[in-house]
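Only one structure is covered here, and it is reproduced in the block below.
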Amino acid sequence: MKRVSGIAEEQRRSTRTWAVVAVAVAAQTLLWLDNSILNIAMETLADPVRGLGANAGELAWASSSYSLVLAAAMFAGGALGDRYGPRATLFAGLLLFSVASALAAFSRSAVELIATRGLMGLGSALLMPATLAIIVRTTSEAQRSRAIALWASASGLGVALGPVLGGALLARFWWGSVFLINVPIVLACLVGVVLFVPRLRFADRRPLDPLGLVLSVLGLGSLVYGIIEGGQRADWAAVGVLVPLVLGVLLLAWFVLVQRSAAHPSFDVGLFAVRQFTGGSTALLFTFFGLTGQLFATAFYLQGIRGLTPLGAGLVMVAAAVGIVVGNLVSPRITDHLTVRWTVVGGMLLAIATFASYLAFDRGTPIPLLVVVLLVQGFGMGLISAPITTAMMAVLPPRVVGAGSAINSAVRQVGGALGTAVLGSVLTASYHREIAPALPRLPDAVRDQAGESAQGARAVAAAVREPWLVDAADHAFLQAMYTSSIWATLLSLVGVAFVIRCFRPDR
């Protein structure tokens with residue numbers, strides 16, 4: 001009888017554990033859902049009638065302000081989770097994210113949208129490290145790899161749902177609906193937190209490190225701002241780019257010195273001397289660099305060159321998300337046979353091969369072929385995230401699991417910001433160079449608009465009835481996309497070399 005009772009109690013504990021994992025995965029999915037929804041709404045927001053009439057720079061900052069605040073405050077969010085418990089920071093982050101989403105939905109200008117997106121990033125900075133910390137601290141060692149694989153799959157699920165849901169909403173409602181949809185999802189997550197997520201605190205809570213937190217926020221914020229600004233200006237030597245980049249590096253160096261001498265540091269920087277932790281961080285950085293940069297170009301290719309609707313483009317891009325989910329779910333089994341090292345290297349090489357395949361894309365590439373390429377690309381990415389995250393978290397002392405989760409998440413965000421900024425800068429600069437010979441044929445009043453982007457050139461072509469300009473813009477964009485793909489391929493190969501060096505064969 002006692003044995004039966006013990007089995008029943010074990011089943012109840014297991015059920016509750018997976019309910020906690022489900023809440024964490026749902027909250028994590030929300031963040032990726034929001035990012036992918038915004039990408040599909042960009043052209044609508046640029047429309048002065050259906051949207052806000054935002055220009056290219058404003059649209060870029062509407063996306064980048066979120067990444068900037070998220071990356072800057074991520075480490076502070078993780079440290080607060082270690083101090084007050086990840087349940088508290090998860091609840092606070094969800095609440096702030098829902099309020100900011102509602103404000104974003106009713107923004108009256110691009111400036112308001114940029115500000116509210118930054119507020120959403122602050123909510124995400126509390127939320128994101130808490131989700132991984134909760135999973136690590138509530139699962140047994142036997143459950144952890146599978147739970148982290150599900151957590152990592154949230155990125156694919158969010159990327160999959162975002163474009164489809166965003167396209168469907170934009171087809172029937174005003175642009176603000178893509179932000180307002182976050183509110184009911186957040187409410188469901190909040191109920192899950194209250195019902196299932198336990199209070200997770202250490203009896204001997206270490207004191208906060210105010211100087212360390214301030215330096216990490218200012219350092220990461222300055223660094224990411226410089227990265228984003230460099231991408232927007234397409235001029236990495238500009239004073240407005242170099243100053244924040246150098247300042248960010250100096251502040252982060254100061255942060256490292258403070259942490260090494262502090263009695264109660266926010267994070268043990270000595271962990272970066274561990275190859276497994278450093279190699280994992282580098283792999284995630286290059287993974288999200290390539291993925292974000294390539295998907296950024298893909299969205300414009302599908303809606304611009306191929307003329308798909310937002311919903312149509314979203315449905316095509318679902319293939320990448322499906323690949324990410326499948327890759328994450330099968331990665332634990334593959335890792336058991338190939339080790340972390342070769343599973344990650346194999347996934348990176350598979351994704352890099354798809355980056356190079358963009359060189360064959362043109363105005364007539366069959367859509368089913370694009371779907372296959374995106375599916376393979378996502379699968380390669382999926383093989384990377386879960387094994388790397390599991391390996392990184394395995395070397396963390398329990399007391400700093402929140403700060404470690406923040407590092408894991410911050411690396412993803414910085415990689416994504418770098419991918420959009422660097423590859424976006426390459427894309428923009430290449431387009432400017434390729435379209436330049438066609439501009440003298442246009443009236444002075446519309447020349448700058450046509451030279452700014454392919455979308456602007458198509459609008460000018462319709463306004464002044466110059467159909468040849470559409471062909472010129474499409475050709476210029478394709479050449480720019482090829483250049484961007486070459487850079488993505490070469491830089492990602494650097495990441496492969498780094499992983500091979502940092503992960504020993506037995507890992």
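In this text the structure is predicted, and so the values were computed from the model without any measurement. Here, residue 1 is the first one in the sequence, and each next residue gets the next number.
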Looking at every non-hydrogen atom in both residues, tell me the closest pair between [X] and [Y] and how far apart they are.
X	Y	result
Met348	Gly495	CE-C, 3.8 Å
Ser107	Glu112	CA-OE1, 3.5 Å
Pro387	Val344	CB-CG2, 4.4 Å
Leu126	Gly93	CB-CA, 3.8 Å
Arg87	Pro198	CD-O, 3.4 Å
Ala147	Val21	CB-CG2, 4.1 Å

With a 4.5 Å limit on heavy-atom distance, are the side chains of [X] and [Y] in contact?
X	Y	value
Val194	Leu190	no
Thr354	Ser357	yes
Leu349	Leu493	yes
Phe179	Leu103	no
Arg306	Ile367	yes
Val178	Phe173	no

Pair Thr282-Val499, side-chain contact (heavy atoms from CB on, under 4.5 Å): steps then yes or no: CA-CA 7 Å; Thr282 304; Val499 171; 5.7 Å; no

Nearest 0.5 Å please: distance from the [atom1] atom of [X] over to the [atom2] atom of [Y].
X	Y	atom1	atom2	result
Ile388	Thr335	CD1	OG1	9.0 Å
Phe97	Cys189	CZ	SG	10.0 Å
Ser331	Ile384	OG	CD1	10.0 Å
Leu329	Leu383	CG	CG	11.0 Å
Phe289	Ser492	CZ	OG	6.5 Å
Thr298	Met481	OG1	CE	7.0 Å

List, one per line, each side-chain donor-acceptor pair under 3.5 Å for residues 369-376, sequence neighbours excluded.
none

Does any pair with a residue in residues 173-189 pass side chain to side chain donor-acceptor pair (under 3.5 Å), and if so which ones, sequence neighbours excluded? Asp34-Asn182, Ser101-Asn182

For Thr131, check side-chain hydrogen bond (donor to acceptor under 3.5 Å, both in side chains) against everything at least two apart and list the hits. Gln28, Trp151

Run the side-chain contact (heavy atoms from CB on, under 4.5 Å) test on Tyr358 and Thr489 for me, step by step, so that the C-alpha distance in whole Å, both residues' side-chain angles and the decisive distance to 0.1 Å come before the verdict. CA-CA 10 Å; Tyr358 278 56; Thr489 300; over 6 Å; no

Please step through side-chain contact (heavy atoms from CB on, under 4.5 Å) for the pair Arg117 and Leu113, ending with a clear verdict. CA-CA 6 Å; Arg117 285 283 295 166; Leu113 181 60; 4.2 Å; yes

Using atom types as modelled and distance alone, determine if a side-chain donor or acceptor of Ser222 lies under 3.5 Å from a backbone N or O of Leu218. no

Within the distance-only criterion (no hydrogens, no angle test), does the side chain of Arg341 pair as donor or acceptor with the backbone N or O of Ile500 below 3.5 angstrom? yes

